[in-house]
There are 2 protein chains.
Amino acid sequence: MHKMNSKNKTFIDKLRSSGLRPTNQRVEISKFLFNRKKTFHFTVEELKNSMNLKRSKKISTATFYNTVHALKSAGHLKEFSLENNTSYYDTNIKSHHHFFDNGKVIDIRSDKITFQKLPDAPKGKKIKNVEVVIRLENNN
Amino acid sequence: MHKMNSKNKTFIDKLRSSGLRPTNQRVEISKFLFNRKKTFHFTVEELKNSMNLKRSKKISTATFYNTVHALKSAGHLKEFSLENNTSYYDTNIKSHHHFFDNGKVIDIRSDKITFQKLPDAPKGKKIKNVEVVIRLENNN
DNA sequence: TAACTACTTTATAATTATTCTAAAGTATGT
DNA sequence: ACATACTTTAGAATAATTATAAAGTAGTTA
Ligand SMILES: [Mn+2]
Ligand SMILES: [Mn+2]
Ligand SMILES: [Zn+2]
Ligand SMILES: [Zn+2]
């Protein structure tokens, strides 16, 4: 009893080309994560809760962790940190910047910030990337 | 049997002025954290292990957590995150930037980085601070 | 100094996020 | 259809942190 619409085809290819078998769970999770216009920032727990809320047959916690790790390894997700002790993931895998506004995260495209002065890397090292966090607070 | 050298005096004052009773444990931890020239970046577990290694009478895990939180609340420590699920603390409480080099953290003074272009805060918000992480990798 | 009270420390239990294990299920190649 | 490797899952295990509550200590007052 496999639904197979043209949308799923995209994600099946995406998974296959990353060396991941396109299981039902992986396709569903990929659709949920990548089938949207705006960047999605999430924790595994949040992902699990919002997906399983609407499903009769739940996907297991371990599968959410496994799949998020697999997608990260394949380069389809980026990991980042806020200051609690939970991993966050970002569907925007390009190097970019963020506003942090009380736990809410908003993307800033890389070209919206440019530098006048940047330090050199210590000797023997080179710069891999430069990412900026702009912390916000309420006006007044 | 209280040792009381002039060094401790400083930390006793620091704690008192933050509304924290200068207990032996807090004075020892403060001395260890703040009696150094360079910024110290650490996890609570690292702090506990390095201090307790040299002590016959160990300070408890809960006291390390309590004290680090108290010092953070008093504004003497700043919390930050790398990408594992552990809290890091920084004895440099001024707004500043970092090099991240495979788990090693190096301070970059705020004035070493300046911006040519920065986005405006979303409406109703204002910028609290701007912090940069420069990720390093090995040359070649 | 003695007594009082509020704050602190501690061992231990509990919680949260995450990873591990191993058994049952599924995708892919032949 | 069969074989085989990969995947999913429930549940156990681990790591970081927080909560609990009893014993200890600091600051205050008599
Ligand atoms: Mn964790
Ligand atoms: Mn935690
Ligand atoms: Zn982002
Ligand atoms: Zn620092």
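Lettering of chains follows the sequences in order, A, B, ..., and the numbering in each one begins at 1.
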[atom1] of [X] versus [atom2] of [N]: gap in Å, rounded?
X       : N      : atom1 : atom2 : answer
A:Asn24 : C:dT28 : CG    : P     : 11 Å
B:Arg16 : C:dC7  : CZ    : P     : 15 Å
A:Leu20 : D:dA5  : CG    : C1'   : 14 Å
B:Asn85 : D:dT18 : CG    : C1'   : 16 Å
A:Leu15 : D:dT7  : CG    : C1'   : 13 Å
A:Asp13 : C:dA27 : CG    : P     : 16 Å

Self-check item: Residue met sooner reading DNA chain D from 5', once B:Pro22 and B:Tyr88 are mapped to nucleotides
Solution: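 So the residue in question is B:Tyr88.
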
Practice problem: Would you kindly compare B:Thr61 and A:Thr23 by the position of their nearest DNA chain D nucleotide and give the one closer to the 5′ end? | Solution: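 It is A:Thr23, whose closest nucleotide lies nearer the 5' terminus.
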
For a 4.5 angstrom cut-off between non-hydrogen side-chain atoms, does [X] reach [Y]?
X        : Y       : value
B:Phe11  : B:Leu33 : no
A:Thr86  : B:Asn85 : no
A:Asn35  : A:Thr10 : no
A:Tyr89  : A:Leu47 : no
B:Val105 : B:Asp90 : no

Practice problem: Carefully, step by step, assess B:Asn139 and A:Lys125 under the rule side-chain hydrogen bond (donor to acceptor under 3.5 Å, both in side chains). | Solution: CA-CA 5 Å; B:Asn139 255 338; A:Lys125 304 288 176 178; over 6 Å; no

Exercise. Return no unless some side-chain N or O of A:Gln25 is found under 4.0 Å from OP1 or OP2 of C:dT26.
Key: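 Negative; the distance criterion is not met.
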
Quiz item: With respect to the phosphate group of D:dT8, does any side-chain polar atom (N or O) of A:Arg21 fall under 4.0 Å of OP1 or OP2?
Solution: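 So the side chain of A:Arg21 is outside the cut-off, no N or O lying under 4.0 Å from OP1 or OP2 of D:dT8.
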
Quiz prompt | Contact residues, residues 43-60 of chain A to DNA chain C [heavy atom, < 4.0 Å] | solution =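 By residue number: none to list.
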
Self-check item: Proximity to DNA chain C (any heavy atom under 4.0 Å), residues of residues 63-72 of chain B only
Solution: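 Only B:Thr63, B:Asn66 qualify.
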
Practice problem: Would you mind reading off the bend of the helix from C:dT1-D:dA30 to C:dT30-D:dA1 from its two end axes, five pairs each, to 10 degrees? | Solution: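 Both end axes considered, the difference amounts to 30°.
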
Quiz item: Can the ring centres of A:Phe42 and A:Tyr88 be said to be less than 6.0 Å apart?
Solution: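 Ring centres of A:Tyr88 and A:Phe42 not closer than 6.0 Å.
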
Quiz prompt | Exercise: do B:Thr39 and B:Asp107 side chains pair donor with acceptor under 3.5 Å | solution =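 Yes, side-chain donor-acceptor contact under 3.5 Å.
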
Quiz item: So, are B:Glu28 and B:Lys57 salt-bridged, with charged N and O less than 4.0 Å apart?
Solution: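 Salt bridge absent between B:Glu28 and B:Lys57.
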
Quiz item: Checking A:Lys117 side chain against B:Asp111 main chain: does a donor-acceptor pair fall under 3.5 Å?
Solution: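 Yes; at least one donor-acceptor contact below 3.5 Å.
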
Exercise. Would you confirm whether B:Thr67, through its side chain, and B:Arg26, through its main-chain N or O, come within 3.5 Å as a donor-acceptor pair?
Key: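 It does not hold such a pair.
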
